[in-house]
Number of protein chains: 2
Amino acid sequence: MFMVQFVHPPRSEISLAGVLGALADPMRLRIVKSLAAQSDCMSCTEAAPCPDMAKSTLSNHFRILREAGLIRTSKQGVQHRNVLREEDINARFPKLLKMILSYPE
Amino acid sequence: MFMVQFVHPPRSEISLAGVLGALADPMRLRIVKSLAAQSDCMSCTEAAPCPDMAKSTLSNHFRILREAGLIRTSKQGVQHRNVLREEDINARFPKLLKMILSYPE
DNA sequence: TCAATAGTTCACTAGTATTGAACTATTGAA
DNA sequence: TTCAATAGTTCAATACTAGTGAACTATTGA
């Protein structure tokens with residue numbers, strides 16, 4: 001009877017290396033772009049960058065984004081609600097996120 | 001009698017994931033900051049982020065920066081001349097480098 | 001009660017990072 | 001010329017990280 005606990009670093013512990021490392025993967029970048037395009041939250045499968053990715057791989061990508069401080073995950077019924085921690089990232093590294101997401105590739 | 005050949009991707013092949021991945025390491029970020037602060041080139045040991053790092057590790061970091069398209073290396077005598085490919089990066093991802101290097105950590 | 005759904009965790013394999021040791025290439029001095 | 005010093009690279013070994021199928025947990029709805 002163990003609830004899944006999500007690890008979210010506080011704003012002050014979000015590191016540049018962590019953020020860059022999390023975004024340095026085409027799949028994770030697409031996940032973040034999807035989340036940035038949404039005003040509200042998305043489930044993991046909604047934000048999945050491609051349909052044929054293994055569930056465990058997707059789950060791992062979300063964990064990496066979460067632990068880097070890029071997204072916040074909460075549980076809502078059977079799904080997970082993922083939101084971009086835009087304010088926290090902007091407070092820590094102003095304009096970085098917007099700039100990275102602005103490049104076409 | 002094999003000359004060491006350096007791999008430098010052309011500007012068009014510099015990828016965002018490659019650049020972010022290369023910069024997503026505190027040691028490599030420090031190397032790039034050192035190079036950005038210099039107007040001319042630096043040898044590998046001059047740009048070394050800390051004195052106790054193994055030579056092979058340092059060499060590997062420079063290789064990663066080179067293959068990501070962040071630096072250009074040429075041989076000059078017994079040393080290697082490393083320069084930041086600022087124009088190429090700026091052409092490909094405007095303002096990204098300056099922004100990343102501007103954060104204090 | 002039981003099946004379906006949404007993710008996580010585990011175990012395995014494959015790729016990548018760090019490092020000491022050995023190697024290559026260049027320079028400068030005896 | 002010969003030899004040592006210097007600057008990096010390459011190799012081999014170990015340790016860590018990513019991708020994936022299979023098994024598992026938790027929630028919902030029939």
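For B:Ser102 (side chain) and B:Met99 (main-chain N/O), a donor-acceptor pair under 3.5 Å exists by modelled atom type. When atom types are taken as modelled, the side chain of B:Arg92 and the backbone of B:Arg11 share a donor-acceptor pair closer than 3.5 angstrom. Not a single donor-acceptor pair under 3.5 Å links the side chain of B:Arg81 to the backbone N or O of B:Cys41.
Distance CD1 (B:Ile64) to C1' (D:dT9): 14 Å, rounded to an integer number of Å. Nucleotide C:dA25 holds its P atom 21 Å from the CZ atom of B:Arg81, rounded to whole Å. Taking atom CD on B:Gln79 and atom C1' on C:dA25, their separation rounds to 13 Å, with Å as the unit. Atom CG in A:Asn60 sits about 16 Å away from atom P in C:dA11, given to the nearest Å. Nucleotide C:dG7 holds its C1' atom 10 Å from the CG atom of A:Asn82, rounded to whole Å. The separation between A:Lys75 atom NZ and C:dT5 atom P is 17 Å, rounded to whole Å. Rounding to whole angstrom units, NZ of residue A:Lys55 and C1' of C:dT5 are separated by 8 Å. Nucleotide D:dA18 holds its P atom 16 Å from the CZ atom of A:Phe62, rounded to whole Å.
Mapping A:Gln76 and A:Arg28 onto DNA chain D via the closest heavy atom, the residue that lands nearer the 5' end is A:Arg28. The nearest heavy atom of DNA chain C to A:Val78 and to A:Leu58 marks one nucleotide each, and the one closer to the 5' end goes with A:Val78.
Note on B:Ser59: every side-chain N or O is 4.0 Å or more away from OP1 and OP2 of D:dA7. Contact annotation: A:His80 does not reach the phosphate of D:dA26 (side-chain N/O to OP1 or OP2, under 4.0 Å). Between D:dG19 and A:Arg63, no contact under 4.0 Å exists linking OP1 or OP2 to a side-chain N or O. The phosphate of D:dT9 has OP1 or OP2 within less than 4.0 Å of a side-chain N or O from B:Arg66. Taking side-chain N and O atoms only, A:His61 has a distance below 4.0 Å to OP1 or OP2 of D:dG19.
A:Ser56 comes within 4.0 angstrom of a nucleotide base, judged by non-hydrogen atoms across all strands. Using a 4.0 Å heavy-atom criterion, one finds that B:Thr57 contacts the bases of the nucleic acid, with or without backbone contacts as well.
Taking CD of A:Gln76 as the start and CG of A:Asn82 as the end, the distance is 11.5 Å to the nearest 0.5 Å. Taking CG of B:Leu70 as the start and CD of B:Glu86 as the end, the distance is 10.5 Å to the nearest 0.5 Å.
Pairing for C:dG20 goes to D:dC11, judged as Watson-Crick or G-U wobble with the two contacts each under 3.5 Å. Pair check for D:dT27 finds C:dA4; Watson-Crick or G-U wobble, both atom distances under 3.5 Å.
Taking the side chain of A:Phe6 as heavy atoms from C-beta on, and the options C:dA25, D:dG19, C:dT8, the nearest nucleotide is C:dT8. The side chain of B:Asp25 sits closest to C:dT18 out of C:dT18, C:dT9, D:dT9. Distance from the side chain of B:Cys44 is smallest for D:dG8 among the nucleotides C:dT9, D:dG19, D:dG8. Of the listed nucleotides (C:dA17, D:dG21, C:dG7), C:dG7 has the atom at the smallest distance from the side chain of A:Thr45.
Exactly one of B:Leu65, B:Val32, B:Ile89 qualifies for a side-chain contact (heavy atoms from CB on, under 4.5 Å) with B:Leu84. That residue is B:Val32.
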